[in-house]
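Atoms considered below: every heavy atom in the structure, side chains included; atoms not considered: hydrogens, waters and symmetry mates.
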Amino acid sequence: QVQVVESGGGLVQPGGSLRLSCAASASLRSINAMGWYRQAPGKQRELVARITTDGRINYGDSVKDRFTISRDNAKNTVYLQMNSLKAEDTAVYYCCADVPGRRYWGQGTQVSVSS
C-alpha cells in the first residue's frame, strides 16, 4: 500500500504561481508513475501531469507550457509548478501513485485562482 499526501494549495491571483508537493510513503523507484489530476465542481477529473519512473512526462492540453512536473527521488516527492494561473485552473488537485494493478489517491488540495 502507498500513501500520498498533497500540500501547497491555496488562493492565488490570476497570473500568479503555486507549487504543489506530493509526498509518497514508498520509494518513487518502486512506483510506476506519479500523477497530478484535478477536478473542478461539476466536471470530471482530468489529467494535469504525469511522470513515469523512467522519466517520461505528459501533460494535459490545457496546462502545457504553464505547468511543470518534477520529482525528487531522495525525498520521495513529486512537485507541480504552476505558472500563469487562470481562473479555469481552480479545482481540487489530486496526486496519485500507480503501482502494478492499483492506483492510490491522495486527499486532494484546493487551488483557487481569483482576484
Applied to residues 101-115, the side chain to side chain donor-acceptor pair (under 3.5 Å) test, sequence neighbours excluded, yields Y37-R103, D98-R103, Q110-S112
Residue pairs passing the disulfide bond (SG atoms under 2.5 Å apart) test with at least one member in residues 70-115, sequence neighbours excluded, are C22-C95
Taken in chain and number order and not counting sequence neighbours, the residues that satisfy ring-ring contact (aromatic ring centres under 6.0 Å, His included) with Y79 are none
- Task: Taking atom types as modelled, find out whether S17 and N83 have a side-chain donor-acceptor pair closer than 3.5 angstrom.
- Result: yes
Would V12 and M82 show up in the same hydrophobic cluster when neighbours are defined by side-chain heavy atoms closer than 4.5 Å? yes
If you count every heavy atom of other residues, nucleotides or ligands that lies below 6.0 Å from E88 atom CD, does the total exceed 12? yes
Whether the side chain of Y93 engages the backbone of S7 through a donor-acceptor N/O pair (distance < 3.5 Å, no angle test) should be reported. no
Open item on the list: Please determine whether residues V48 and V92 belong to a single hydrophobic cluster, defined as Ile, Leu, Val, Met, Phe, Trp and Tyr linked transitively by side-chain heavy-atom distances below 4.5 Å.
Closed with: no
Residue set satisfying side-chain hydrogen bond (donor to acceptor under 3.5 Å, both in side chains) with S84, at least two apart, ordered chain then number -> none
Hits for side-chain hydrogen bond (donor to acceptor under 3.5 Å, both in side chains) against T68, two or more places apart or cross-chain, chain-then-number order -> none
Treating R71 as the side-chain partner and T52 as the backbone partner, does any N or O pair qualify as donor plus acceptor under 3.5 Å? yes
(Q) Could you check whether any side-chain N or O of T53 sits under 3.5 Å from a backbone N or O of I31, counting only pairs where one atom can act as donor and the other as acceptor? (A) yes
D65 meets the side-chain hydrogen bond (donor to acceptor under 3.5 Å, both in side chains) criterion, sequence neighbours left out, with none
- Y94 ring centre to R38 NZ or CZ under 6.0 Å, with the angle to the axis within 45°? no
